[in-house]
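Below: the structure, in structure tokens.
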Amino acid sequence: MKNFYNERLLRERVLMLVFLGIGVLWWGTALVGRVRQNLQVWHSISQEAEIQRLWLAKGASVGERTALVARQLDAGRTMNAAQAYAEVSRIAQGLPLSMGVQRTDRTENFALHSLQVTFRQTDLASLVRFYEGVAARAPYLGIDQCTISAERATPGMISAVFRIYSVEPIKPAP
Amino acid sequence: MSAIPSSAPAAPVQVKGLILLSAARFFVRRVPLVAGQDVVAQVELSLETIGPFTPGQLYYGYCLSGDGNQALVFAAYRRNFSAADTAAWSTASAVLPEFAVWLGQATAVPAGVWLHEQGQTITALIWDGVGELPAGVLTREAPGDSMVALREELLREAGNRFGVAAQASRTFQGAVTASALGKEGLTLKGAQQSTLLSLAQMRAMDVRDKTELAGQLGRHKRDRALWLAFASAVAGLAACLVAESGLLVSNVLAARQRHGLEANAAAVRQIEEADQLAGRMENFARQSLRPLEMLVVLDGTRPASVEFVQASTRGPRQMELEAQTANAADPQEYEKALKGHAGVEKVELHDLRTSGGKTTFLVTVTFKPGFAGPGGTR
């Protein structure tokens, strides 16, 4: 190749060098970007794999932990989604409330249901009554989140949004 | 001290880009040099002094002694070389006289005469025992088969002109060849003699026109730079090709790995969710959220001008309160009062804004464990 190159005219050699140089520069630049991207992909895969490995290794202990939590529950006081809905309705009887869609998160051993309850233009005393009613059923029924706002249009009245949870044990499949 | 051709000189020998010219074409002188002065200028001055021609009419070169106090100068009249003779010079690595193989001796050579016989040509190198350069070089070509007579004539002439013993101290036979030209220099091989000439020595001995030689050196450098750049570009291209292939393989492996991760994702998500739920359940069992008790604390320390707008829980022991007041100094007062409360761990006042005479602000309060008493957040 050296002889082939050196036997060309100077102009041809310069042109060959320029074209080849442009090609290498073009390709190399694009390649560097893609190599960097590939390295990031591998970095992310390796991190994700490590996280998965840790979680999978922790799987047995998490199973034991949820089983322990489930064992500690008093089956007579737990509530499924429908029971929780009915219980909240009963506690809030007479109050202007609306209840949102229920959501359920499950493990192999228990389920955690949550329900959003909204009170509009209610007085503090009614709200305290509801609050005490829920608190009496803790930890099987309880408040997960709470927002209380003053009603500017009607002084002395308040609005409140509660996220109420209830817990239900799940019997393992026979 | 001259090599006087007795007949037509032999054709130049070309080996590995090197052209070796017959010694018969050159007249040779050993000249003294002044140390520290420009060597080339001294050599050209000596040429003007010892010969009838100007340096511009000569092809010449020189070999320096080790101490730099002497030089063996050799020159040939340009008109003795036809255009056909010099046609190949422009592409040659070097154009040297054949006797260059005997120059560049590492140590001083004892007085004597070395004879180099090649075909019908005999070259005599006369050493006078002073330094590593010969005192003279004589070359003769034998007509017919009279080698013995020619040898005796040369020895006799050496004895007469240089005062050395009229007998050969060493005799070599065979052609001179170049064995290698590399970064370290040029290796020349005679019959039983091998000499390594450094690149600097080789350039000094090169007899070509000095201006053309400088131009040729420049062209060589340019060509070499171009070739190196081209070779680097080709290497870069090859590296790109290898990297591209590697990238292709890497992408396939990454996709396979990603597929494996996706296969495990559902199981991992399930474990994560179970862990979070277990944590939440443990929290619910350990502590109940007490938003109204938090509000009682916030209300008890409130300056009269502060009105609550909204309060939201941010965790089992934290509440964010949005409030407003007509007195711009009261938020700071309220912050101080909250910090002084026994059940409060931390207070952060932020997002203060004043509009239409009302100052609104946010205060995030973190309560101490057990602030609400038994059954509350412990």
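Below, read A as the first sequence line, B as the second, and so on, with proteins coming before strands; counting in each chain starts at 1.
Using cut-offs of 30° and 60° on the angle between ring planes, the pair B:Phe230 and A:Tyr5 is parallel.
Residues B:Pro369 and B:Glu345 form a side-chain contact, since some pair of their non-hydrogen atoms from C-beta on lies under 4.5 Å apart. Using a 4.5 Å heavy-atom cutoff, the side chains of B:Val344 and B:Lys339 are not in contact.
Atom-to-atom distance recorded for A:Phe110:CZ and A:Asp105:CG is 9.5 Å, nearest 0.5 angstrom. Within the model, atoms CZ of B:Arg290 and OH of A:Tyr131 stand 5.0 Å from one another, a figure rounded to the nearest 0.5 Å. In this structure, CD on A:Gln121 lies 6.5 Å from OG on A:Ser159, to the nearest 0.5 angstrom.
Ranked by non-hydrogen atom pairs under 4.5 Å with chain A, the options B:Arg258, B:Gln257, B:Glu244 are led by B:Glu244. Listed options B:Ala243, B:Ser250, B:Ser232, B:Ala267 were ranked by heavy-atom pairs under 4.5 angstrom with chain A; first place goes to B:Ser250. Among A:Thr107, A:Ile158, A:Val69, A:Ile148, the residue with the largest count of heavy-atom pairs under 4.5 Å with chain B is A:Ile148. Among B:Ala231, B:Ala254, B:Gly236, B:Ala265, the residue with the largest count of heavy-atom pairs under 4.5 Å with chain A is B:Ala254. Comparing A:Val161, A:Asp144, A:Leu25 by how many heavy-atom pairs each has under 4.5 Å with chain B, the most go to A:Asp144. Contact tally against chain B (heavy-atom pairs below 4.5 Å) for A:Arg34, A:Met16, A:Gln145: the top residue is A:Arg34. Interface remark: of the candidates B:Met319, B:Glu307, B:Glu293, B:Glu322, B:Glu293 forms the most heavy-atom pairs closer than 4.5 Å to chain A. Among A:Glu151, A:Lys58, A:Arg152, A:Met1, the residue with the largest count of heavy-atom pairs under 4.5 Å with chain B is A:Met1. Interface summary for chain A: among B:Cys240, B:Ser312, B:Ala278, B:Ala274, the most heavy-atom pairs under 4.5 angstrom belong to B:Cys240. With respect to chain A, the highest number of heavy-atom pairs below 4.5 Å among B:Glu320, B:Arg314, B:Arg222, B:Gln276 belongs to B:Arg222. Among the candidates A:Pro139, A:Ser149, A:Cys146, the residue making the largest number of heavy-atom pairs closer than 4.5 Å to chain B is A:Cys146.
Taking the ring centre of A:Phe4 as origin, the terminal cationic atom of A:Arg8 falls inside the region bounded by 6.0 Å and 45° from the ring axis. Both cation-pi conditions hold for B:Arg302 and B:Phe308: the charged atom is under 6.0 angstrom from the six-membered ring centre and inside a 45 degree cone around its axis.
When heavy atoms are compared at a cutoff of 4.5 Å, B:Leu321 does not approach chain A at all. Looking at A:Leu56, the atoms closer than 4.5 Å to chain B (heavy atoms on both sides) sit in the backbone and in the side chain alike. For A:Ala138, the part lying under 4.5 angstrom from a heavy atom of chain B is the side chain only. Residue B:Leu228: no heavy atom, backbone or side chain, is found under 4.5 Å from chain A. For A:Val35, the parts lying under 4.5 angstrom from a heavy atom of chain B are both the backbone and the side chain. Heavy atoms of A:Arg106 lying under 4.5 Å from chain B belong exclusively to its backbone. Of the atoms belonging to A:Val24, heavy atoms from both backbone and side chain fall under 4.5 Å from chain B. With a threshold of 4.5 angstrom between heavy atoms, A:Leu73 approaches chain B through side-chain atoms but not through N, CA, C or O. Interface residue A:Val128: backbone and side-chain heavy atoms are both found under 4.5 Å from chain B.
Across B:Pro331 and B:Thr359, no two heavy atoms sit closer than the pair CG-CG2, 4.2 Å. When all heavy atoms of B:Ala87 and B:Ser90 are compared, the closest pair comes out as O-OG, 3.7 Å.
Side-chain N/O atoms of A:Arg163 and A:Ser114 include a donor and acceptor closer than 3.5 Å.
In this structure, A:Tyr140 has its ring center no closer than 6.0 Å to that of B:Phe284.
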